[in-house]
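Here's the structure we're looking at; comments come further down.
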Amino acid sequence: MKYNALKGMQDIFSPDIYIWQKVEEVAKDVFSAYGFQELRAPIIESTDIFVRSIGETTDIVEKEMYTFSDKAGRHITLRPEGTAPVVRCYVENHLYNLPSPQKFFYSGPMFRYERPQAGRFRQFFQIGAEAFGVGEPKIDAEILSMLRLFFERLGLKGLNFEVNSIGCEKCRPDYRNALLDFFSVRIDGLCPDCKRRFDYNPLRILDCKVDACIKLREGSPRVTDFLCGECKEHFNTLLSLLKLLNVPYVVNPDMVRGLDYYTRTTFEVTSKDLGAQNAVAAGGRYDRLVEDFGGPPTPAIGFAIGMERITTLLKSSSNHKIPVPKVFIATIGTPAEEEGLVIADRLRDKGIWVEVGYAGNSLKSQLRRADRLSSAYVLIIGDDEINSEKLKWKKLSDGSQGEIAFTEVYDFFK
RNA sequence: GUGAGUGUAGCUCAACGGGUAGAGCACUGGACUGUGGCUCCAGGUGUUGGGGGUUCGAGCCCCCUCACUCACCCCA
């Protein structure tokens, strides 16, 4: 019987795992500098949490969630995204009573039942961050700047920062109506998908990839022209702060977000070096969600980074060092093997990575293995060394070797 | 959910228009009785993803199925 990982789920191990660890480490360092603290929420929540926040008519909720009944018949769902659980945690634990802003980051697996393709999986990992309690655009700018620094620290170049504002509950209906007016006289020329979009989410027509639709939407109303006074001021202030902080952005009025809870600022970081799924990070403001979850009115903003997409970029962009053993202990004969094992453990106690040879292998094959592991040193122990209580060391990079007393070996490696 | 492409050794891939499978890498041992990288020699595995059909004969053709890949929808 042969088993495979489930469709759209993958195993991650050496050497890729070191890239993953690097990304997580950089995220933790950078986010901490901005005052974000790690938060770990369960990966399963009540189904309602996602339905209410993401939106009942979104694709995620309608057809992509891993939803089950537990043994007591509760409806539970493997989280398809990270924001809703954090908001639930924030409200449930009354974190709004703590000084604002409260800033959190998290990382872990998300689940969506989709057809896999390049950069898209059924289990995928995100690193996200959420900031609660600040409505000013200043924090929007800080978050974008934090993302810029994160990518910079990873050495990723050529990323595109796109920002937009989709308004608030006051101005968005006006814009939606203007769009409907605009497309209602052109609907016959739209692609079949956009004809559907016209009814359930006309904003989506704006990022259709069909040529005919691209042409038809020339001169369509721009969301930024329909923002109310407050939204407009928020957006303009954000843009000037981004300039101040040297975040290289592009305003993309056609950018649409897939989740219903977004308000005002939305943004996306994309790369040209990925496939069709080109977003490496995305997020925005969600000023109503905390209140919807039963908390006090609390503005908030957050984003999520797609781990697989970042690691894909890093794999092709630079060569990464993978850890190698410092010492390989090759032994001949049982007494030597036992002595080697003792020495190995003593060195390991000092935090040194030590590998040992195993029974049945010739010295030659042990050395070959040490070489293939790229071990820095080989220690050789046989009957002669046992008798003299000295072992031989060999440095594989230049072939130099020498002798050293058993008792001094612990100081030899520092 | 829709569409297209691909499944041959552990990995990367060969095998003219159907004649019952091969190379490189990797692995192990030896040449070099206790010294790696280079070279040479030797060693092994395939139910050709699975099932059915056509045929004297199928890795190759047909059907079904599974898996993977890419794209659409949608999205990190």
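Every chain is numbered from 1, with letters handed out A, B, ... down the list of sequences.
Within the shown strands, rA71(B) is the pairing partner of rU2(B) under the Watson-Crick or G-U definition, both distances less than 3.5 Å. The partner of rG10(B) is rC25(B), judged by Watson-Crick or G-U wobble contacts that both fall below 3.5 Å. Nucleotide rU20(B) is matched to nothing when pairs are restricted to Watson-Crick or G-U wobble geometry with both distances under 3.5 angstrom. The partner of rC61(B) is rG53(B), by the rule that a Watson-Crick or G-U pair needs both atom distances under 3.5 Å. In a base pair of the Watson-Crick type (N1 to N3 plus N6-O4 or O6-N4) or a G-U wobble (N1-O2 and O6-N3), with each distance short of 3.5 Å, rA31(B) is matched with rU39(B).
Using atom P as the reference point in both rA58(B) and rC74(B), the two lie 48 Å apart (nearest Å). With both ends at atom P, the span from rU47(B) to rG30(B) equals 30 Å, rounded to whole Å. Rounded to a whole angstrom, the distance from the C1' atom of rC25(B) to that of rU6(B) is 22 Å. Rounded to a whole angstrom, the distance from the P atom of rC32(B) to that of rC41(B) is 16 Å.
Of the candidates rC74(B), rG29(B), rC70(B), the closest approach to any side-chain atom of R120(A) belongs to rC74(B). Comparing rC73(B), rA76(B), rA71(B) against the side chain of A276(A) picks out rA71(B) as the nearest. With rA76(B), rG34(B), rC74(B) as the candidates, the nucleotide lying closest to the side chain of E64(A) is rC74(B).
In this model, a donor atom of one side chain and an acceptor atom of the other lie less than 3.5 Å apart for T83(A) and E130(A). Side chain to side chain, T270(A) and N278(A) fail the donor-acceptor criterion of an N or O pair below 3.5 Å.
Here S365(A) does not reach the OP1 or OP2 of rU28(B): none of its side-chain N or O atoms lies under 4.0 Å away. For Q277(A), no side-chain nitrogen or oxygen approaches OP1 or OP2 of rA76(B) to under 4.0 Å. Under 4.0 angstrom from either OP1 or OP2 of rC73(B) there lies at least one side-chain N or O belonging to R197(A).
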Expected rows: protein N/O vs nucleotides 35-37 of chain B N/O, under 3.5 Å:
{"residue": "rU35(B)", "atom": "O2'", "partner": "K394(A)", "partner atom": "NZ", "Å": "3.3"}
{"residue": "rU35(B)", "atom": "O2", "partner": "K394(A)", "partner atom": "NZ", "Å": "3.2"}
{"residue": "rU35(B)", "atom": "N3", "partner": "Q401(A)", "partner atom": "OE1", "Å": "3.2"}
{"residue": "rG36(B)", "atom": "OP1", "partner": "K364(A)", "partner atom": "NZ", "Å": "3.0"}
{"residue": "rG36(B)", "atom": "O2'", "partner": "D371(A)", "partner atom": "OD2", "Å": "3.3"}
{"residue": "rG36(B)", "atom": "N7", "partner": "K394(A)", "partner atom": "NZ", "Å": "3.1"}
{"residue": "rG36(B)", "atom": "N1", "partner": "L396(A)", "partner atom": "O", "Å": "2.5"}
{"residue": "rG36(B)", "atom": "N2", "partner": "D371(A)", "partner atom": "OD1", "Å": "2.9"}
{"residue": "rG36(B)", "atom": "N2", "partner": "L396(A)", "partner atom": "O", "Å": "2.8"}
{"residue": "rG36(B)", "atom": "N3", "partner": "D371(A)", "partner atom": "OD1", "Å": "3.2"}
{"residue": "rG37(B)", "atom": "O4'", "partner": "D371(A)", "partner atom": "OD2", "Å": "3.2"}

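Aromatic ring centroids of F132(A) and Y90(A) lie under 6.0 Å apart. You'll find the ring centres of F226(A) and Y175(A) inside the 6.0 Å limit.
If you take CD1 of I54(A) and C1' of rA76(B), they are 13 Å apart, rounded to a whole angstrom. Atom-to-atom, NZ of K390(A) to P of rG34(B) comes out at 24 Å; the value is rounded to the nearest Å. Atom CZ in R112(A) sits about 17 Å away from atom C1' in rG1(B), given to the nearest Å. Note: CG (D384(A)) to P (rG34(B)) measures 13 Å, nearest angstrom. Computed from coordinates, the W20(A) CH2 to rA76(B) C1' distance equals 11 Å when rounded to whole Å. We find that CD of E268(A) is positioned 14 Å from P of rC74(B), with the value rounded to whole Å. Look at CG on L313(A): it is 12 Å from C1' on rA76(B), rounded to the nearest Å.
A distance-only check finds no donor-acceptor pair linking the side chain of R186(A) to the backbone of C213(A) [under 3.5 Å]. R288(A) places no side-chain N or O within donor-acceptor distance of the main-chain N or O of Y261(A), the cut-off being under 3.5 Å.
Here F303(A) lies out of heavy-atom contact (under 4.0 Å) with every strand. When heavy atoms are screened at a 4.0 angstrom cut-off, A279(A) is found touching the sugar-phosphate backbone but no base atom.
At a threshold of 4.0 Å, the pair R40(A)-E38(A) counts as salt-bridged, since one of the basic side-chain nitrogens sits closer than that to a carboxylate oxygen.
With values rounded to the nearest 0.5 angstrom, L78(A) atom CG is found 8.5 Å from T67(A) atom OG1.
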